[in-house]
S.K.: 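This is the structure, below, for whatever I ask next.
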2 protein chains.
Amino acid sequence: MDKSFLKGLAALDLLAQSEGPVGVTQLARAMGITPSNAHRLLQALVATDFARPVGARGGYEATLKLWRLGARTVARLDVKAIAAPHLARLMAEAQETANLSVLDGHHMVYVDRVETDVYFRAYNQIGGQYPLHCTGTGKVLLAYADDAVQAMALTDLRPFTPRTIVDPAKLMAELERIRAEGIATTMSEFREGIASVAAPVIGAHGRVVAALGVSGPLSRLKPARMRLLRDMVRTTSARVSRLLGAPGPES
Amino acid sequence: MDKSFLKGLAALDLLAQSEGPVGVTQLARAMGITPSNAHRLLQALVATDFARPVGARGGYEATLKLWRLGARTVARLDVKAIAAPHLARLMAEAQETANLSVLDGHHMVYVDRVETDVYFRAYNQIGGQYPLHCTGTGKVLLAYADDAVQAMALTDLRPFTPRTIVDPAKLMAELERIRAEGIATTMSEFREGIASVAAPVIGAHGRVVAALGVSGPLSRLKPARMRLLRDMVRTTSARVSRLLGAPGPES
DNA sequence: AAATGTATTTCCATATTCTGGAAATACAAA
DNA sequence: TTTGTATTTCCAGAATATGGAAATACATTT
């Protein structure tokens, strides 16, 4: 199946992930192909403006075209634009980092974030793929996902910490509780020492289109404070859902 | 040169740009290829997780992988993260939409934005490519760009409004003025009725790595107010430059 | 229910494109 | 200048992509 296309995409991937510019030989070595082959792939990437040569002999680097196309894909999720100010407000009230994420395939992807302190920042990357079964927004998304996605997720409950839920039955019960309460919490289930609270964002057709919440160091998220955060998160998600035209709770 | 790769990239591009899911036949028609060919390209995109089939017969859609990789590319521009709070503050003080953009090839690309009113929003897209010679941040970036980029830009001074500068000599003079004053302004040069003020952001090695500024409707940006905005923009860009480790003005 | 129409998917022989080695070229360092 | 390394070009041979046809899967109409 379109072998050279697959190779090309792999090269693009590699180029986008690498820190600096990548040389022909370097790419060839990394991919296990010949330099002439790598060279041709790079030429194609340059021709399509996905990459550009750096200086005279500096190798090649990814252009922003990748991001530009990606930004369009994300823009279709108009949740992001609508939620943005509310995410900022949630952060201001909660004084904890606020996140917005969506389901993409069998993973959760952070779409936006408003951070509190610079010091506690960047556990996870915006645009990064993370597991569903042990993150706050991930558990929310999973709780409302298709049976197919749920089934797939349950087959691979990888432990990240001792507190990660790895028993399918327990996770099912947890998801049931999340659906009942409309809110999910985690405590050191993915990253040690980090807790989170998350709730679903509901779209115009009554389906969950995203999840939002706050996360921060356990040291700051004691039970009493968690109760407050749950209310804030719930209020924010309800507000965003209403803006998206979600059917009201009166049904 | 790697024809199937080029076709594949074109398909990816098309998929990312299209509003909804795209069918096999639809893609084939749009690209002028056979359905079997289109089908194979899509298979490759699915195999690499750049696309996914939607439902049973709903065609294919781009995944967020594109954006994910792109987000990494943008993340290397740590200007974005550092400038973010200052951009927000600039917007709050100026009460006009604040923008951050960088040079990518021969274009200006909006990397981040903080908007004022929802009503005046979205002239231009985040992630969008725009001309250098008639936008505020574009002119700044051009003023400090390589000779090669400047030369290329001067060869294609496309007019967007009657006020767009199309005379190379006049643009050179304008760029000279921008370098002297450290600030650029536009009035209806790209979009009719829109004005902007922009200044360079200087990185650790003393080179211009981005430009930031504000833009809004001419009706609000009268000369007196423009003077205030110039100061605010200058202050903000200086502040961000300092955070990036730019060499101080004492030199 | 059956038939029709449309879109997707599979299959395969053929022709085209991709492949990797070798040689040429371009730099940088010794 | 010489040496070493990386990039780029070229080409005959080999492997892969190609498009037509047929099979399959749905949705809509009869």
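Residue numbering restarts at 1 for every chain, and letters A, B, ... go by the order of the sequence lines.
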S.K.: Give me the ring orientation class for F190(A) and Y130(A): parallel if the planes are under 30° apart, tilted from 30 to 60°, perpendicular past 60°.
M.R.: perpendicular
S.K.: Test of understanding: with side-chain hydrogen bond (donor to acceptor under 3.5 Å, both in side chains), list the residues that count as partners of T135(B), not counting sequence neighbours.
M.R.: none
S.K.: To the nearest Å, how far apart are H39(B) NE2 and dT18(D) P?
M.R.: 14 Å
S.K.: Starting at atom CD of Q43(B), determine the distance to atom P of dC11(C), rounded to an integer number of angstrom.
M.R.: 11 Å
S.K.: Using the side-chain heavy atoms of V24(A), tell me which of these nucleotides is nearest: dA7(C), dT9(C), dT8(D).
M.R.: dT8(D)
S.K.: Judged by atom type as modelled, is there a donor-acceptor pair below 3.5 Å linking the side chain of D146(A) to the main-chain atoms of A148(A)?
M.R.: no
S.K.: A210(B) and V102(B): which non-hydrogen atoms are nearest, and at how many Å?
M.R.: CB-CG1, 3.9 Å
S.K.: To the nearest 10 degrees, how far apart in direction are the end axes of the helix from dA1(C)-dT30(D) to dA30(C)-dT1(D), each fit to five base pairs?
M.R.: 40°
S.K.: Quick test of your reading of the model: are K65(A) and D49(A) salt-bridged, counting only N-O distances below 4.0 Å?
M.R.: no
S.K.: How would you summarise protein contacts on nucleotides 17-26 of chain C per nucleotide, using B for base, S for sugar-phosphate only and - for none, with heavy-atom distances below 4.0 Å?
M.R.: SSBBB----S
S.K.: Any side-chain N or O of Y60(B) under 4.0 Å from OP1/OP2 of dA7(C)?
M.R.: no
S.K.: Who passes side-chain hydrogen bond (donor to acceptor under 3.5 Å, both in side chains) against E181(B), sequence neighbours left out?
M.R.: R230(B)
S.K.: Rounding to an integer number of Å, can you tell me how far R29(B) CZ sits from dT6(C) P?
M.R.: 10 Å
S.K.: Who pairs with R52(B) by salt bridge (charged side-chain N to carboxylate O under 4.0 Å, His left out), at least two apart in sequence or on another chain?
M.R.: D104(A), E61(B)
S.K.: Mind calculating the distance between CG (L45(B)) and P (dT9(C)) to the nearest angstrom?
M.R.: 13 Å
S.K.: Counting only pairs under 3.5 Å, give me each side-chain donor-acceptor contact of residues 149-158 of chain B, with atom names and distances, residues two or more places apart or in other chains.
M.R.:
unit_1: Q150(B); atom_1: NE2; unit_2: L142(B); atom_2: O; d: 2.9
unit_1: Q150(B); atom_1: NE2; unit_2: A143(B); atom_2: O; d: 3.3
unit_1: T155(B); atom_1: OG1; unit_2: M152(B); atom_2: O; d: 2.5

